[in-house]
Number of protein chains: 4
Amino acid sequence: MSERPLEKPKKQRQVLPAEMRVDALVGAAADLFIERGIDATTVDDIVNRAGVAKGTFYHYFATKTEVVHTLRDRFSADYLSRVASAMEACPEGDHTARLRAWIRGAVATYLANFQLHDVVFHDFTHERRRSEEKDAILDQLASVLQDGQRAGAWQVPDARGVAIILFHGMHGLVDDAIAAGQRGPEPLCDLLEDMFLRMLNA
Amino acid sequence: MSERPLEKPKKQRQVLPAEMRVDALVGAAADLFIERGIDATTVDDIVNRAGVAKGTFYHYFATKTEVVHTLRDRFSADYLSRVASAMEACPEGDHTARLRAWIRGAVATYLANFQLHDVVFHDFTHERRRSEEKDAILDQLASVLQDGQRAGAWQVPDARGVAIILFHGMHGLVDDAIAAGQRGPEPLCDLLEDMFLRMLNA
Amino acid sequence: MSERPLEKPKKQRQVLPAEMRVDALVGAAADLFIERGIDATTVDDIVNRAGVAKGTFYHYFATKTEVVHTLRDRFSADYLSRVASAMEACPEGDHTARLRAWIRGAVATYLANFQLHDVVFHDFTHERRRSEEKDAILDQLASVLQDGQRAGAWQVPDARGVAIILFHGMHGLVDDAIAAGQRGPEPLCDLLEDMFLRMLNA
Amino acid sequence: MSERPLEKPKKQRQVLPAEMRVDALVGAAADLFIERGIDATTVDDIVNRAGVAKGTFYHYFATKTEVVHTLRDRFSADYLSRVASAMEACPEGDHTARLRAWIRGAVATYLANFQLHDVVFHDFTHERRRSEEKDAILDQLASVLQDGQRAGAWQVPDARGVAIILFHGMHGLVDDAIAAGQRGPEPLCDLLEDMFLRMLNA
DNA sequence: AATGAATGAGCGTTCATTCAT
DNA sequence: CATGAATGAACGCTCATTCAT
């Protein structure tokens, strides 16, 4: 008699490098969070999609929340580097060009990632509204403003304050476009460039 | 007579007008949501604070979520009317003054209510980011911009777009101030007036 | 100013004869029980459909279960009288014809009312399987058998026992036909007549 | 050391083969369902009697209803096999003996299990009255009839129809005996044999 | 007799986390 | 490292019944 194959293949215990496991879990979590939201996603869902046992999840993350934090860090780092590289193409001295580059980089990056953004910043209340991640992002823009200021390209009374206004102005405009189903960056960037430069060059 | 060892006083049944009951429930819910968040507040918590039985809650609301919606509607209506009355003091023709009034009204109202704001707009994702409430709020500002435009006070390429930028710029700046613990509106308003008017009058 | 009509017409308190109220409630309950089952029907459902306030229900019935009992009684009385009148057409002395009449009357009545039957005998367990209603129904058939026996038309060792066998045999066959979607009585009656007469005339 | 006033012993976690856990839960459920009925039995009752945590119940069953289905399947399988083995003792060719064996097997099995029967077939309405389980049971009897028919032992116009009549006749007679408190199979079997054979041999 | 607001005990289900293997 | 059975606190919601009006 041939061996009767078990109904449940009793998945072989598979030893994999930590990094792969973490990536699989974080990736599965990201997809599911985007699909159905954080609360509606269970740890079971995550491990099922990642093809891993439940205990394995807790081997790599202390809590479900920790995955959200990991995702948040990845999101911020990615955002920062994408915008930075968008600005790198610009000559150091051309401040207007750098601001334009910031706008285009920020809009493009946000448009490309807004779903994950929604997920990872979902539970931001005022207690957490000033975070390291956000400070880094604002600093990036504030630097542009300050450099231009120092070089006499424009006058800003308060670089951080203005950075906040610009950042959230941009954010809100893109949000609205997303909600309206307009996913093209051009008209948004044009309007933002126009208004922001008017603000600075007045 | 049999002993009656400290049984609960069997609170008398109170028949009250619907509006009072709803207010008590909504009020209790608002307080608790602000204190501990929506998820951490149970329906039991709400009815205990409101001093009614659990069934009474479900007599007036189909689900816990429905209270959040009610709160959202109340928040928006309140915001709208407060800002409107802040602007009413201004002469019709003075568009700059009206924009200033909008800024001061909006900042003051938001500062006064940000905790509830956090609660009721907590779960706004892009699917809901363009809502009737928000449209009403944006329209209010867009009207100011359009009136000024028509009167030749300034040039705005796209009233709704600019309204979005201003609204979110304001929002972000106040958020940051709240997070930093600065609750005074003055410096915020000054900066916003300065930047917004530069943007419009360029 | 004309009086503003209230949004809720505040249904006028209507005094009606008890019998009409009871009929309305029992009728509404029967419909709903058939539609969705007893458990899935709430007292609220019943009063809504009956167009009556909740308290009125408890004015006429002590409990929800009591309506089921009322319905049960009505069902049984109706069944009994329908079958009886089906047999009345037969000459007293023709026992075979009377049995045939019983079969046709019982099948037709059950086919016409099986939905309500399902509802009112839903929770019959062995504790309740011998009830007054059922006894009355079995007696009706047992009398036919006994009369025939006395007249020498057939031999039955135990009239009540045989009545039970015939009654449930009929019941089961009709149930199966209903489940199969065949709602015509003829083939069922033919088979039952054939088998039952064979049983008795052997 | 701090005092540890009678805290619960914190039952050790026991890892057991799935089958044992399922059996424990199904068994506890069956007992309780029989004792107090399905609705009056809570999932808490079941897990307490089975000695497991509530979550364990839902690890093995998606809903409370699922246990009822499991019980139904077990009941039907048990019934079928008991009756089958009661008939196995009979010589293939003796059709009357096989029918007698069916009667005795069916009566005995039903008498032995009627309480569980009441539980698992409690909510059978016409929508479910023709089920796979029942078909299997009817087929078993219909085969006996058909075999006898083919061998010329008797004439049945419609094997399935007659099987239904016999099965429900038997069922009803046993139900009545149970309700009357007579638990001995003999008189029931005697009557059934007499009547059924008269029906077939006519 | 009639109304409908108010009550509150009760229950099924969820799911993050633990831990024996 | 990896597995997945086991845990149990927690909660939203239902609904028959009561009773002030």
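Just so it is clear, the values below take in all heavy atoms, side chains as well, and ignore hydrogens, waters and symmetry mates. All chains are named by letter (A, B, ...) in the order of the sequence lines, taking the proteins before the strands, and each is independently numbered beginning at 1.
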key: Stepwise side-chain contact (heavy atoms from CB on, under 4.5 Å) test for D:Phe61 and D:Thr70   = CA-CA 10 Å; D:Phe61 302 99; D:Thr70 301; 3.8 Å; yes
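- Taking the six-membered ring for Trp and thresholds of 30 and 60 degrees, A:His122 and B:His122 have ring planes inclined between 30 and 60 degrees apart.
- Between A:His117 and A:Phe121, the ring-plane angle classifies as tilted under the 30° and 60° cut-offs.
- Atoms CG (C:Asn48) and P (E:dA5) sit 12 Å apart, rounded to a whole Å.
- Remark: side-chain polar atoms of A:Asn48 are paired, donor with acceptor, to backbone N or O of A:Asp44 under 3.5 angstrom.
- Figure legend. E:dT21 is base-paired to F:dA2; pairs are counted as Watson-Crick or G-U wobble with both atom distances under 3.5 Å.
- B:Glu19 has its CD atom 16 Å from the C1' atom of E:dA5, to the nearest Å.
- Residue A:Phe61 is classed as having no contact, given no heavy-atom separation below 4.0 Å to the nucleic acid.
- If you take CG on C:Leu25 and CD1 on C:Ile46, they are separated by 7.5 Å, rounding to the nearest 0.5 Å.
- A donor-acceptor pair is defined here as one N or O able to donate and one able to accept, closer than 3.5 Å; such a pair exists between the side chain of D:Asp45 and the backbone of D:Thr42.
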ask   = When every nucleotide of nucleotides 16-21 of chain E is labelled 5' to 3' by its protein contacts under 4.0 Å (heavy atoms), B for base, S for sugar-phosphate only, - for none, what sequence of letters results?
value = SBBS--
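- Between the C:Arg72 side chain and the C:Val120 main chain, a donor and an acceptor come within less than 3.5 Å of each other.
- Heavy-atom distances under 4.0 Å link DNA chain F to A:Arg21 of residues 20-33 of chain A, given in residue order.
- Using modelled atom types, no side-chain atom of A:Asp23 and backbone atom of A:Met20 make a donor-acceptor pair closer than 3.5 Å.
- The separation between C:Ile46 atom CD1 and F:dC15 atom P is 12 Å, rounded to whole Å.
- Distance CG (D:Leu16) to P (F:dG4): 18 Å, rounded to an integer number of Å.
- Rounded to an integer number of Å, the gap from OH of B:Tyr60 to P of F:dC15 is 20 Å.
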